[in-house]
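This is a predicted model, so every value here is computed, not measured.
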Amino acid sequence: MAITPTGHVDHGTDTPVSIRAASPAGAGYGPSLVLLATLFFMWGFITVINNTLLPHLRSVFDLDYTQTTLIESVWFIAYFVASIPSAKLIERIGYQRSLVTGLLVMAAGALGMVLAASIPSYGVTLAMLFVIASGITLLQVAANPYVAVIGPAETASARLNLVQALNSAGTMLAPLFGAYLILGRSVGGTAQAGTVLTPAQRIADAQSVILPYLLVAGALVILAVVIGRFPLPALGAATTRVTKADRRNHSLWKHRNLVFGIPAIFIYLIAEIGVANLFVNFVSQPDIANLTHEQAGRYLALLWGGMMIGRFAGSAIMQRVRAETVLAAFSIGAFVVMLVTVFTTGPVAMWALILVGLFHSIMFPTIFTLGIKGLGPLTEEGSGLLIMAIAGGALVVVQGKLADSYGLQWSFLLTAACELYILFYALWGAKPTGVAPAATAP
């Protein structure tokens, strides 16, 4: 398989007939894409539960901001550690079995969170979150490039934004789920900021996560059974065979859009995760909105709802406007609202931070599809490197350290700086070089 300079996917003679027939419009993969959308929903949902879990654990274990953001850092370190083994596993056991495996690994981690809450243990919590994130990594390595290459390359960004909108639906609902079942059922979640819990209250609060994670584990097992019985095409194995045949004549490092796209994903994740994880603590402050953590968790749903709306809108806009142009406009918007967040107080600062979700919405899927554009037979390898770059979320601990040293509000200047790199990528870094030639069928 190769991607032509004009952006179309051109399948050579090594590509299976089923893929050649379905790829031009993607219609033959409609049911599969619908099922994959449920995966995007689930991993978005589970990832964002962390945003309500972190302030909860901060109260339970009496953590500072550095220790709190370390929890999320462990989560994203899993992307770096598990990406290459995930690609090897997909090659070994196939696409469908890998999806089932990923879901079962996530379910095992969710059950491990029940154990961590029963003890309770900060160390076991870190380990189980790493397990869940490793399962999500396996799903990401397969699903993102699948959606990107299943149809015409010129609409890949629009297509991935559309499916990622379902991911955002999960991220929008997760804070409501977490606020009600975790923060709303705990003393720390319903008390005013600064309340000190007794040892008995800490134990009771820790156990409030048992029911939510039992429900999550059950849903993951059910989804694994459904996917295991669904007739998904063996797309992963097919594309791997083509890549091995053609890759020796090409180099990943000749592609500027990939070389600068990897740090773009890495840096974007620092911005997204920093905002999401510190949102509840930020808006709970007396000089911002003076909310309880439970109340702040409901406002967090608006931030993720903005991401969902932005992805639906971005998918429609990119049918007519170049993806690079849309990405540049959204990065400017994100930079402006982050400055408002830092230099104002009260509801204005809170709503500015909520609004950044709208501008962040299209960044990951758009950077991803721009990064693999023109890679031809190297598309799969480039996709793996871009997924590894999600590990940038681990550096949210840097923002935690800044918050401890200079104040939580000032730490969002790091987010504003991240938006400027995304602007640079949209204006220059995303321009393809070394575009792979089209495969020529005899």
Quiz item: Aromatic rings F41 and F45: how do their planes relate, parallel, tilted or perpendicular, breaks at 30° and 60°?
Solution: parallel

Self-check item: Straight-line distance of L353 CG to L300 CG, nearest 0.5 Å
Solution: 9.0 Å

Quiz item: Roughly how far, to the nearest 0.5 Å, is the CG atom of L278 from the CG atom of L408?
Solution: 5.5 Å

Practice problem: Write down the atom of M307, the atom of G357, and the distance for their closest heavy-atom approach. | Solution: CG-O, 2.9 Å

Quiz item: So do M106 and L139 actually touch side chain to side chain, heavy atoms under 4.5 Å?
Solution: yes

Quiz item: Would Y213 and I132 count as a side chain to side chain contact (heavy atoms under 4.5 Å, CB included) if you check the C-alpha gap in whole Å, the side-chain angles of each, and the deciding distance to 0.1 Å?
Solution: CA-CA 11 Å; Y213 276 97; I132 296 172; 4.2 Å; yes

Quiz prompt | Note, L395 side chain near L269 side chain (heavy atom, < 4.5 Å) | solution = no

Self-check item: Contacts of type side-chain hydrogen bond (donor to acceptor under 3.5 Å, both in side chains), residue S83, not counting sequence neighbours
Solution: none

Self-check item: Flag, side chain of Y299 to backbone of W351, donor-acceptor distance under 3.5 Å
Solution: no

Exercise. Report yes or no: does N257 contribute a side-chain atom to a donor-acceptor pair with the main-chain N or O of K373 at less than 3.5 Å?
Key: yes

Quiz item: So, S361 side chain and L358 main chain: donor-acceptor pair closer than 3.5 Å or not?
Solution: yes

Quiz prompt | Y425: partners by ring pair (Phe, Tyr, Trp, His ring centres under 6.0 Å), with sequence neighbours left out | solution = none

Quiz prompt | For F40, ring pair (Phe, Tyr, Trp, His ring centres under 6.0 Å) partners two or more places apart | solution = W43

Quiz item: Distance from E272 atom CD to M363 atom CE, nearest 0.5 Å?
Solution: 10.0 Å

Practice problem: Determine which pairs satisfy side-chain hydrogen bond (donor to acceptor under 3.5 Å, both in side chains) with at least one residue from residues 98-107, sequence neighbours left out, and list them in order. | Solution: none

Quiz prompt | Side chain proximity check, F76 to F266, heavy atoms < 4.5 angstrom | solution = no

Quiz item: Can you tell if the side chain of I354 reaches within under 4.5 Å of the side chain of F279, non-hydrogen atoms only?
Solution: yes

Quiz prompt | Over all atoms of both residues, closest heavy-atom pair of S86 and A82 | solution = OG-O, 2.6 Å

Self-check item: Heavy-atom side-chain proximity of L111 to L214 below 4.5 angstrom
Solution: yes

Quiz prompt | Contact summary for G261 and I367, nearest pair of heavy atoms | solution = O-CG2, 3.9 Å

Self-check item: CD1 on I362 to OG1 on T369, rounded to 0.5 Å
Solution: 9.0 Å

Self-check item: Residues forming a side-chain hydrogen bond (donor to acceptor under 3.5 Å, both in side chains) with S411, sequence neighbours excluded
Solution: Q399

Quiz prompt | Verdict with reasoning, M308 to W304, per side chain to side chain contact (heavy atoms under 4.5 Å, CB included) | solution = CA-CA 6 Å; M308 181 182 68; W304 292 111; over 6 Å; no

Practice problem: Apply side chain to side chain contact (heavy atoms under 4.5 Å, CB included) to the pair T341 and V356, showing each step before the final yes or no. | Solution: CA-CA 9 Å; T341 300; V356 80; over 6 Å; no

Quiz item: So how far is it from T137 OG1 to I387 CD1, rounded to the nearest 0.5 Å?
Solution: 8.5 Å

Quiz item: When rounded to the nearest 0.5 angstrom, what is the spacing between CD1 in I84 and CG in L89?
Solution: 13.0 Å

Quiz item: Which heavy-atom pair separates A224 from L104 by the least distance, and what is that distance?
Solution: CB-CD2, 3.9 Å

Quiz item: Quick one: does I262's side chain get under 4.5 Å of L386's, heavy atoms only?
Solution: yes

Quiz item: Do V226 and T38 pass the side chain to side chain contact (heavy atoms under 4.5 Å, CB included) test, and can you show the C-alpha distance, the side-chain angles, and the key distance before you say yes or no?
Solution: CA-CA 11 Å; V226 171; T38 65; over 6 Å; no

Self-check item: pair L138-V105: side-chain heavy atoms closer than 4.5 Å
Solution: no

Output side-chain donor-acceptor pairs under 3.5 Å for residues 122-131, partner residues at least two apart or in another chain, one line each.
| unit_1 | atom_1 | unit_2 | atom_2 | d |
| --- | --- | --- | --- | --- |
| Y122 | OH | Q67 | O | 3.0 |
| T125 | OG1 | S121 | O | 2.8 |

Self-check item: Nearest heavy atoms of G274 and V396, plus distance in Å
Solution: CA-CG2, 3.5 Å

Exercise. Please examine the side chains of L385 and L252, heavy atoms only from C-beta on, and report whether any two atoms are closer than 4.5 Å.
Key: yes

Quiz item: So, for V216 and A110, which heavy atoms are closest and what is the spacing to 0.1 Å?
Solution: CG1-CB, 4.3 Å

